[in-house]
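Quick note: residue numbers are just sequence positions, from 1. Numbering of ligands and ligand atoms starts at 1, following listing order.
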Amino acid sequence: MAKPISIEVWNPSGKYRVVSTKSMPGTRWINLLTAQDCRVEICTEKKTILSVEDILALIGDRCDGVIGQLTEDWGEVLFSALKRAGGTAFSNMAVGYNNVDVSAANKYGVAVGNTPGVLTETTAELAAALSLAAARRIVEADQFMRAGLYDGWLPHLFVGNLLKGQTVGVIGAGRIGSAYARMMIEGFKMNLIYYDLYQATRLEKFVTAYGQFLKANGEQPVTWKRAATMVDVLREADVISLHPILDKTTYHLINKDSLAIMKKEAILVNASRGPVIDEAALVEHLKANPMFRVGLDVFEDEPFMKPGLAEQKNAVIVPHIASASKWTREGMATLAALNVLGKIKGYPIWSDPNRVDVFLDEKSPPPSACPSIVNAKHLGLTTSKL
Ligand SMILES: NC(=O)C1=CN([C@@H]2O[C@H](COP(=O)(O)OP(=O)(O)OC[C@H]3O[C@@H](n4cnc5c(N)ncnc54)[C@H](O)[C@@H]3O)[C@@H](O)[C@H]2O)C=CC1
Ligand SMILES: O=C(O)C(=O)CO
């Protein structure tokens with residue numbers, strides 16, 4: 001028999017049973033669920049990544065909805081179990097949902113929620129931080145100081161790259177990619193080249209207007225270019241940041257061949273998903289090109305790194321913390337809970353997942369809607385008129 005899973009229970013007499021596979025920041029999400037007759041069960045197991053078996057035990061015989069995490073494998077086994085338990089709703093506490101087999105969810109009629117928007121600026125800020133840390137060799141310099149090696153200013157000490165006037169390349173100019181681009185353009189007066197399947201019209205307009213502003217003030221205007229192929233970005237950009245979704249088209253988008261096209265002193269940043277980069281090829285490239293630098297928030301075999309990466313001084317590496325600001329993490333928990341609640345209650349789907357602020361205002365009750373359900377169309381769910 002499987003080992004029982006430890007849980008914490010809120011509102012034990014609630015009519016609807018909602019399970020969260022992890023404790024999540026803040027209490028608003030719990031209060032919103034319990035106020036609408038949900039019994040909330042939060043898994044308190046110490047292990048970081050729950051297995052499918054652990055989650056099956058959490059779902060049990062009766063479960064209306066689950067809030068899960070990007071580390072979990074949500075496929076056929078879990079969605080069929082959720083359906084058997086009477087469940088109709090699942091939400092990732094994340095905007096990315098490459099850990100979810102949406103066709104399996106469709107097969108069992110389970111709505112799949114995600115948490116767009118609330119993490120856009122926070123994630124873009126971390127990508128900007130990684131860009132700066134890599135450009136100015138901040139981690140290397142910090143380690144040097146702590147090791148007591150600093151014995152005076154020197155003309156060659158930790159010389160890095162100036163960003164102003166250079167070109168920032170963005171691959172995947174959606175919500176986060178566009179926010180990152182704006183930060184780098186407005187903050188450091190970089191020119192933009194981007195590659196996306198769709199035109200980033202608002203971003204283009206912003207760069208045009210900002211360029212005009214700079215020109216009117218006697219400064220060099222910034223420019224933008226939409227690349228016809230990703231190769232143009234790889235060839236032209238000094239700093240490249242990756243922000244696409246992870247799917248078949250973006251798996252190993254950056255590999256041995258694409259790395260070879262990039263400038264020898266370029267900076268590559270990844271705060272999207274690890275498998276967008278062939279990490280073994282990246283390690284070889286870092287070894288062969290000491291002036292090439294990377295800033296990584298995500299890894300191909302998370303939580304592990306490919307052999308050799310940790311030893312590379314030209315890599316800045318952090319543990320998937322791009323969305324880790326208090327406001328954002330509490331907001332992600334709220335959106336995930338409201339996705340599950342809304343589906344259980346039969347609420348419609350919010351009409352624009354890019355405009356979810358109204359769900360995050362703690363001073364007023366959220367709209368009676370699911371903030372973002374990625375398979376709403378497939379399940380024939382009604383959209384809110386609001
Ligand atoms: N490191 C972290 O903590 C975080 C990582 N993420 C990752 O960032 C991703 C993007 O998030 P958002 O910007 O909110 O999503 P989004 O959907 O607004 O943007 C993704 C963009 O990628 C583009 N794209 C798709 N396939 C492409 C391809 N083959 N080549 C070039 N572009 C392509 C899309 O057209 C879209 O514009 C998420 O899916 C998630 O995996 C998101 C938040 C935090
Ligand atoms: O939201 C996501 O997709 C993350 O990676 C964590 O914020």
*State which residues pass ring-ring contact (aromatic ring centres under 6.0 Å, His included) with His320; sequence neighbours excluded, sorted by chain then number.*
none

*Parallel, tilted or perpendicular for His243 and Tyr180, by the 30°/60° rule?*
tilted

*In the protein, what heavy atom is nearest to atom 44 (C) of ligand 1, and what distance, to one decimal place, separates them?*
Thr123 OG1, 3.4 Å

*asked:* How far is atom 14 (O) of ligand 1 from the closest protein heavy atom, and which atom is that?
replied: Arg175 NE, 3.0 Å

*With sequence neighbours excluded, what pairs up with Arg17 under the salt bridge (Lys or Arg N to Asp or Glu O under 4.0 Å) test?*
Glu41

*asked:* With heavy-atom distances below 4.5 Å as the criterion, would you say the side chains of Gln69 and Met24 are in contact?
replied: yes

*Of all the non-hydrogen atoms in the protein, which one sits nearest to atom 28 (C) of ligand 1, and at what distance?*
Thr250 CG2, 3.6 Å

*So which heavy atom in the protein is nearest atom 35 (O) of ligand 1, and how far is it from that ligand atom?*
Asp196 OD1, 2.6 Å

*Where do Ser91 and Asn339 come nearest, in terms of heavy atoms and distance?*
OG-ND2, 3.2 Å

*Residue portion contacting ligand 1 (non-hydrogen atoms closer than 4.0 Å) for Arg273*: side chain

*Quick one: closest heavy-atom pair of Leu309 and Leu286, and the distance?*
CD1-CD1, 3.8 Å

*How close does the nearest protein non-hydrogen atom get to atom 4 (C) of ligand 1, and which residue and atom is it?*
Ala271 O, 3.6 Å

Could you go through ligand 2 and note, for every N or O atom, any protein N or O atom closer than 3.5 angstrom, writing the atom names and distance to 0.1 Å, or 'none'?
unit_1: ligand 2; atom_1: 1 (O); unit_2: Val95; atom_2: N; d: 2.8
unit_1: ligand 2; atom_1: 3 (O); unit_2: Gly96; atom_2: N; d: 2.9
unit_1: ligand 2; atom_1: 3 (O); unit_2: Arg273; atom_2: NH2; d: 2.7
unit_1: ligand 2; atom_1: 5 (O); unit_2: Arg273; atom_2: NH1; d: 2.7
unit_1: ligand 2; atom_1: 5 (O); unit_2: Arg273; atom_2: NH2; d: 3.3
unit_1: ligand 2; atom_1: 5 (O); unit_2: His320; atom_2: NE2; d: 2.8
unit_1: ligand 2; atom_1: 7 (O); unit_2: Ser323; atom_2: OG; d: 2.6

*When you measure from atom 10 (C) of ligand 1 to every protein heavy atom, which one gives the shortest distance, and what is it?*
His243 O, 3.6 Å

*asked:* If the condition is ring-ring contact (aromatic ring centres under 6.0 Å, His included), which residues does Tyr97 pass it with, not counting sequence neighbours?
replied: none

